[in-house]
Amino acid sequence: MLSFLSAAAAAAGGHAPVNPWVGLAYLVAGVLFILALRGLSHPTTSRAGNRYGMIGMLIAVVTTLVTHDLASLPEIVVAIAIGGAIGFVIARRIKMTDMPQLVAAFHSLVGLAAVLVGWAAYLNPEGFGITGADGLINPVSRVELGLGIAIGAITFSGSVIAFLKLAGKMSGAPIMLPGRHVINLGTLLAIIALTAYFTQDQSLWVIGAITLAAFVIGFLLIIPIGGADMPVVVSMLNSYSGWAAAAMGFTLGNTAMIITGALVGSSGAILSYIMCKAMNRSFISVIAGGFGAVAEAGGEAHEQRPWKQGSADDAAFMLKQAESVIIIPGYGMAVAQAQHALREMGDLLKHQGVSVKYAIHPVAGRMPGHMNVLLAEANVPYDEVFELEDINSEFAQCDVAFIIGANDVVNPAAKTDKASPIYGMPVFDVDKAKQVFFIKRSMGGVGYAGVDNDVFYMDQTMMLLADAKKMVEEINKALDA
């Protein structure tokens, strides 16, 4: 979304006097963006929120295009059409399981757009209206360029690493570099020092060094982060992309970019803070990077301990006898595309008088709200979906905890094992339920954080080893028999 506006604003040039009607159009766009964020805060209003955002961005882009003396309007329109067509095709074909890495990829494009706009302004400052009487770039504009390029480069390289981890093309385990904090701090200080020096010397090597150092620190910040914390990474990178766009908005003198970037940056930062609080993580450690690995003990092979295996018929029989069932979905449900079968199971149980609730963890899946999106897609009633803090106390009175594709979010090690990479993260108290059904493909795998789970071996746990969708469909057949 920000990339289109960046490109249009870059083509438009810099600080021309603002027409009152242009300011009004940007104000309307800004209000629509605020309404979009408000709408996206709840599933029932999310569709309207998306529409507000689309209309706001259309107003902002069209206003920029028609009110500036563009070098080549047809070329800009063709570029937008090509980008829009690519985005449309990707959106139509993308699977919900691939949505987290798609979001990370889009963040990387916003960061790259900020870097390219910054370099375009540096190479052609007269065209952007950021030069002084001496023909050199204004000192304030140099600071804006340095910050915009640095934040954009960090967003780009960090998002690329996040994409690789989320797509499974790179290990989700933390990659710990010796002395990483010293390296990160030194690189950050170098970027600040170079940006300050850039105000005195606008040589090519200075801006080149800022760009290179920012690319490097973006890489260094994300590789130490473990898989269990990737939803926070996605939120954090979203915030970075917004601040990068806002910085470029100041350079370009484009009010819409400043408003949009500030909204995206601040909302992403707030969401990151909320998620960190929900996960008992330090917000400062998130910004510093490497917060996903408190120890290097994770990822070891699971112990050979006794466990019980059940069938779909066993599960269906016990579910029919239950009075209350709490369903905990996770990324495995997304991979198997089992949300529709799961909703059917819930409907069958409710028809037989069983109370059914869905429990959502803040980091279930691999991006914020991943499970909420999947359940909404399957038309699960919103009033049956509860956050961790609202439902965790009910497991002690629950007859069945039905875990489908989740692992780390129900792992008691987060409460007891200080050496665990997920230690301190709030988890569901499924161990207090009278009966636990745990669907996973095999006993050989561990969660995304790479640690074994004591829930597998509890006396009240019955493992249902199969593809999640296939297993739930078989349970539905038994329930309907």
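Given the structure is predicted, the values throughout are model-derived calculations rather than measurements. Sequence positions, counted from 1, serve as the residue numbers for this chain.
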Do [X] side-chain atoms and [Y] backbone N/O form a donor-acceptor pair below 3.5 Å?
X	Y	value
Thr187	Ala213	no
Lys440	Ile404	no
Gln352	Leu479	yes
Gln460	Lys434	no
Ser266	Leu263	yes
Arg343	Ala378	yes
Ser157	Ala153	yes
Ser355	Glu323	no
Asn411	Ala414	no
Lys308	Asp459	yes

From [X] atom [atom1] to [Y] atom [atom2], the distance as rounded to the nearest 0.5 Å:
X	Y	atom1	atom2	value
Tyr26	Thr63	OH	OG1	6.0 Å
Ser159	Ile222	OG	CD1	7.5 Å
Glu387	Asn392	CD	CG	12.0 Å
Asp480	His351	CG	NE2	8.5 Å
Asn476	Glu344	CG	CD	4.5 Å
Lys350	Glu384	NZ	CD	3.5 Å

Side-chain heavy-atom pair [X], [Y] within 4.5 angstrom cut-off:
X	Y	result
Phe395	Ile328	yes
Gln309	Met462	no
Gln101	Lys165	no
Ser239	Val264	no
Ile154	Tyr240	yes
Val115	Phe156	no
Ile327	Lys357	no
Phe402	Leu342	yes

message: Using ring centroids (six-membered ring only for Trp), state whether Phe33 and Tyr52 fall under 6.0 Å.
response: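 No, ring centres 6.0 Å or more apart.
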query: Can you check whether Phe386 and Tyr358 have ring centres sitting under 6.0 Å from each other?
result: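 No, ring centres 6.0 Å or more apart.
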task: Output, in order, the C-alpha distance, side-chain angles, deciding distance and verdict of side chain to side chain donor-acceptor pair (under 3.5 Å) for Ser235 and Ser272.
output: CA-CA 6 Å; Ser235 174; Ser272 298; 2.9 Å; yes
Is it the case that atom [atom1] in [X] sees more than 12 heavy atoms from other parts of the structure closer than 6.0 Å?
X	atom1	result
Phe317	CZ	no
Lys320	NZ	yes
Lys470	NZ	no

task: With sequence neighbours excluded, tell me which residues meet salt bridge (Lys or Arg N to Asp or Glu O under 4.0 Å) with Asp429.
output: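 Salt bridge (Lys or Arg N to Asp or Glu O under 4.0 Å) list for Asp429, sorted by chain: Lys415, Lys432.
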Minimal non-hydrogen separation, [X] against [Y], with atom names:
X	Y	answer
Ala36	Gly49	CB-O, 3.1 Å
Gly261	Ala245	CA-CB, 4.2 Å
Ile191	Ala150	CG2-CB, 3.9 Å
Val400	Ala322	CG2-CB, 4.0 Å
Pro178	Ile183	O-CD1, 3.8 Å
Ala247	Gly148	CB-CA, 3.6 Å

task: Determine the interplanar angle of the Phe428 and His361 rings, folded into 0 to 90°, and report it as parallel if under 30°, tilted if 30 to 60°, perpendicular if over 60°.
output: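 If you compare the ring of Phe428 with that of His361, the planes turn out perpendicular.
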query: Can you say whether the rings of His370 and Tyr331 are parallel (under 30°), tilted (30 to 60°) or perpendicular (over 60°)?
result: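 Answer is tilted, since the angle falls between 30° and 60°.
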- request: May I have the step-by-step check of side-chain contact (heavy atoms from CB on, under 4.5 Å) for Leu109 and Phe106, ending in yes or no?
  value: CA-CA 5 Å; Leu109 294 179; Phe106 282 166; 4.1 Å; yes
Intermediate values then yes/no, side-chain contact (heavy atoms from CB on, under 4.5 Å), His107 and Val234: CA-CA 9 Å; His107 289 162; Val234 173; 4.1 Å; yes
- request: Could you walk me through whether Glu394 and Ile326 pass the side-chain contact (heavy atoms from CB on, under 4.5 Å) test, one step at a time?
  value: CA-CA 9 Å; Glu394 297 187 25; Ile326 299 179; 4.2 Å; yes
message: side-chain contact (heavy atoms from CB on, under 4.5 Å) for Val410 and Val430? Distances and angles first, verdict last.
response: CA-CA 7 Å; Val410 297; Val430 297; 3.9 Å; yes
